[in-house]
Amino acid sequence: MNDTENYGFPPELAQVMREQKIDLQLTRKILDKYNQGAYDHIQPVVVSELPKVDGKTIIDVTRNLSLTMDLETARTNLARLGVELDLDQFAKATGSTITFDRKGLVNLGILLYPSLAYGILNGGSASSYFDRKRNESFNPVLYQICIKESEILKKSAPEKAKGLVPAFINPDGTPGPSFIELKMRSLLIETLRYQWQTGTKVPALAPLYQMTSIHNNATIQAAYDDYRSSPYLQPLIEATGTDITQALTGVQPMLAALTHSKLGRPKEIFTEAYGKPNQVLPMPGGHGQNFEILKEVYRDLLNQGKRYIYLGNVDNLGYTVDPVSLALIALQRKQAGFEFSFRTAVDIKGGILIRDQYNRLNCADIGPAISPDEVLRAESLGTDILFNCATGLFDLEYLVENLDRIIEHLPVRITDQDKDAGMYSQAEQVTWEVISLLDDFLIFGVNKYERFLAAKLVLENLMASGIGLEHPDYPTSDDPKTDFKAIAIQLNKGLENRLKTVYGMKKSFTLDPPDPGRTDCRIRTLRNGRQEIKVRRQLEREVPGF
């Protein structure tokens with residue numbers, strides 16, 4: 001193979017990179033651009049202000065919620081979606097204005113489901129998720145308390161994509177369903193809700209779409225074949241007539257990790273992964289690459305008649321379809337909406353809402369863009385930090401029209417890493433920096449324990465699962481921001497509430513009478529039903545508020 005096909009890399013190195021499914025051409029392009037200074041103009045996001053809820057652009061959707069707007073504008077914005085509705089059934093009109101309360105927004109949002117597609121960013125493998133160094137640094141005491149359960153989860157998902165890892169551990173210590181199974185289940189339940197409300201059999205929220213990686217795509221697709229007979233999905237697939245496992249997919253290539261900044265410029269390929277010579281480290285280029293990788297998927301969805309898309313991380317159990325947000329975006333014809341919750345001690349990796357040096361709302365990553373000390377300093381002065389939930393709702397027509405501009409201007413950031421694999425640099429694009437490229441959007445202030453049950457690390461999964469809460473050494477504090485036990489209790493309550501509602505699940509006990517204090521119980525799906533009416537009755541009987 002000649003030098004052109006190796007893109008300037010030594011033949012032996014190029015061969016090792018190919019074996020790791022690394023995209024040589026894209027890696028060379030990024031490496032050369034960095035060494036030539038092409039990224040030097042990309043400045044860190046500078047925080048000029050930490051914004052507050054204003055009720056206009058930044059909305060607290062956890063409180064009493066209503067929307068008053070021009071009546072004709074509401075009708076026009078819905079008509080473009082092919083929705084001709086008598087708005088009196090959703091809202092109260094007074095002269096030329098109309099006011100929607102939360103119930104009206106929910107009912108309207110459900111009727112808009114056929115215009116919505118739901119997408120997941122699958123990420124890479126679960127290596128970072130189970131990374132010992134990262135989990136220990138999160139909280140060493142908590143890591144020791146939960147190490148047994150951590151190993152149970154790790155053994156249940158060797159070499160798997162993170163989305164295929166069990167999303168929680170049952171009270172009896174057994175692994176629950178995977179993150180993706182739960183995502184699919186919630187979509188089927190919402191589809192059934194739409195079908196009951198309209199008396200149709202429309203597969204409203206299909207198709208699911210996703211970004212996988214070249215490393216995990218085959219594993220994920222094989223799992224989806226098995227999911228069609230999953231007890232969590234099969235009854236609902238039959239009831240709705242919707243095979244939610246048929247997903248539209250874009251496959252993200254791998255990049256090679258680069259040498260750490262301490263070694264200076266020029267950067268080279270990192271070749272000592274895990275202390276082994278000539279060992280490269282394949283890395284994804286960040287979820288921000290979705291705008292390039294999923295470009296054709298977005299266009300396909302638009303051609304299918306979809307007008308809005310949800311986009312979020314597979315590991316966030318709070319990321320489900322919200323009809324209120326959909327109704328708010330559609331009625332006001334906003335370009336997008338993004339969810340942010342008030343930061344807690346476990347929110348250490350990700351972005352926060354800021355106003356940047358150009359007076360624009362932006363998302364600044366803790367670490368690369370704003371130091372953890374600055375965040376803590378602002379909180380000590382009484383400022384509430386709005387933490388990015390990594391959930392976006394986009395106007396698909398606007399997005400497709402602006403894809404090329406977004407792809408060109410979304411920053412490529414080179415960040416240093418210190419993990420089990422060693423000290424190296426990683427090139428990545430952050431999805432949520434797209435906020436700075438838009439000019440008419442909403443920020444939804446949400447309840448963390450409903451909408452942001454994320455698990456970047458396995459310890460966060462175990463906190464939400466309630467593992468180790470009875471241990472006398474479980475980390476606690478007088479400061480509610482750093483009281484891990486209090487936060488874990490809230491996470492656990494949030495998870496159980498989500499499982500009972502949007503995921504349609506309940507606890508099942510082997511004891512008679514049931515004893516919640518015992519560990520021999522597990523979260524299970526509703527009893528299998530072969531007919532729609534049976535599934536419907538089960539959901540109405542067993543899911544609170546359904």
Side-chain angles (χ1 to χ4, degrees), residues 42-69 287-288 310-313 316 318-319 322 324-325 328-329 331-395 398 406 409-411 413 429-452 454 480-481:
I42 297 176
Q43 299 299 314
V45 177
V46 176
V47 181
S48 66
E49 181 187 11
L50 294 173
K52 298 180 180 179
V53 172
D54 59 16
K56 295 179 181 180
T57 301
I58 307 173
I59 303 168
D60 185 348
V61 297
T62 66
R63 300 181 181 180
N64 292 333
L65 184 65
S66 67
L67 171 66
T68 299
M69 64 180 298
H287 282 164
Y310 254 120
L311 185 64
N313 291 341
N316 177 12
Y319 167 46
D322 174 31
V324 171
S325 299
L328 288 171
I329 293 293
L331 283 166
Q332 300 173 84
R333 200 171 179 179
K334 296 293 184 181
Q335 297 165 357
F338 303 95
E339 294 188 5
F340 284 74
S341 64
F342 296 109
R343 197 189 82 87
T344 70
V346 298
D347 300 321
I348 58 173
K349 185 180 186 294
I352 63 172
L353 185 68
I354 60 108
R355 197 171 293 280
D356 66 20
Q357 64 266 43
Y358 306 107
N359 200 35
R360 299 174 306 199
L361 288 177
N362 205 338
C363 184
D365 260 24
I366 297 176
I370 181 171
S371 74
D373 288 342
E374 287 182 80
V375 172
L376 293 174
R377 212 165 22 245
E379 286 181 327
S380 70
L381 297 174
T383 301
D384 287 320
I385 305 296
L386 285 166
F387 192 85
N388 181 27
C389 297
T391 297
L393 177 60
F394 294 86
D395 181 307
Y398 175 86
I406 290 170
H409 293 288
L410 197 68
R413 299 196 183 276
Q429 289 176 293
V430 179
T431 304
W432 311 110
E433 288 196 56
V434 72
I435 292 174
S436 68
L437 303 178
L438 308 180
D439 55 31
D440 189 18
F441 55 88
L442 296 176
I443 299 295
F444 300 120
V446 300
N447 183 337
K448 170 184 173 61
Y449 303 105
E450 290 183 359
R451 299 293 299 172
F452 193 48
K481 294 282 187 185

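Computed from a predicted structure; not experimentally measured.
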Using side-chain heavy atoms (C-beta onward) and a distance below 4.5 Å, is [X] in contact with [Y]?
| X | Y | answer |
| --- | --- | --- |
| K52 | I58 | no |
| T62 | E450 | no |
| F338 | L386 | no |
| C389 | V446 | yes |
| F394 | L311 | yes |
| S325 | Y310 | yes |

If you measure from [atom1] on [X] to [atom2] on [Y], what distance do you get to the nearest 0.5 Å?
| X | Y | atom1 | atom2 | value |
| --- | --- | --- | --- | --- |
| Q332 | D395 | CD | CG | 12.5 Å |
| K334 | F441 | NZ | CZ | 9.5 Å |
| N362 | I435 | CG | CD1 | 7.0 Å |
| I329 | L393 | CD1 | CG | 5.5 Å |
| D60 | N447 | CG | CG | 9.5 Å |
| L361 | L438 | CG | CG | 11.0 Å |

F342-Y449 aromatic ring centre distance below 6.0 Å = no
Is a side-chain N or O of [X] found less than 3.5 angstrom from the main chain of [Y], in a donor-acceptor match?
| X | Y | result |
| --- | --- | --- |
| T391 | G312 | no |
| N316 | R451 | yes |
| Q429 | L410 | yes |

Only one of I59, L353, D54, N388 passes side-chain contact (heavy atoms from CB on, under 4.5 Å) with I443; say which it is.
->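 Of all the options given, the one that passes is L353.
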Do you know which two heavy atoms are closest between [X] and [Y], and how far apart they sit?
| X | Y | answer |
| --- | --- | --- |
| D440 | R333 | OD2-O, 4.4 Å |
| E433 | P411 | OE1-CG, 3.5 Å |
| I354 | A364 | CG1-CB, 3.8 Å |

Please work out which of the three classes, parallel, tilted or perpendicular, describes the rings of F452 and F387, given edges at 30° and 60°.
-> tilted
Can you check side-chain contact (heavy atoms from CB on, under 4.5 Å) on D322 and F444, steps first, answer last?
-> CA-CA 11 Å; D322 174 31; F444 300 120; over 6 Å; no
Is the number of heavy atoms from other residues, nucleotides or ligands under 6.0 Å of N64 CG greater than 12?
->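 Counting neighbours around CG of N64, 12 or fewer heavy atoms of other residues, nucleotides or ligands fall under 6.0 Å, so no.
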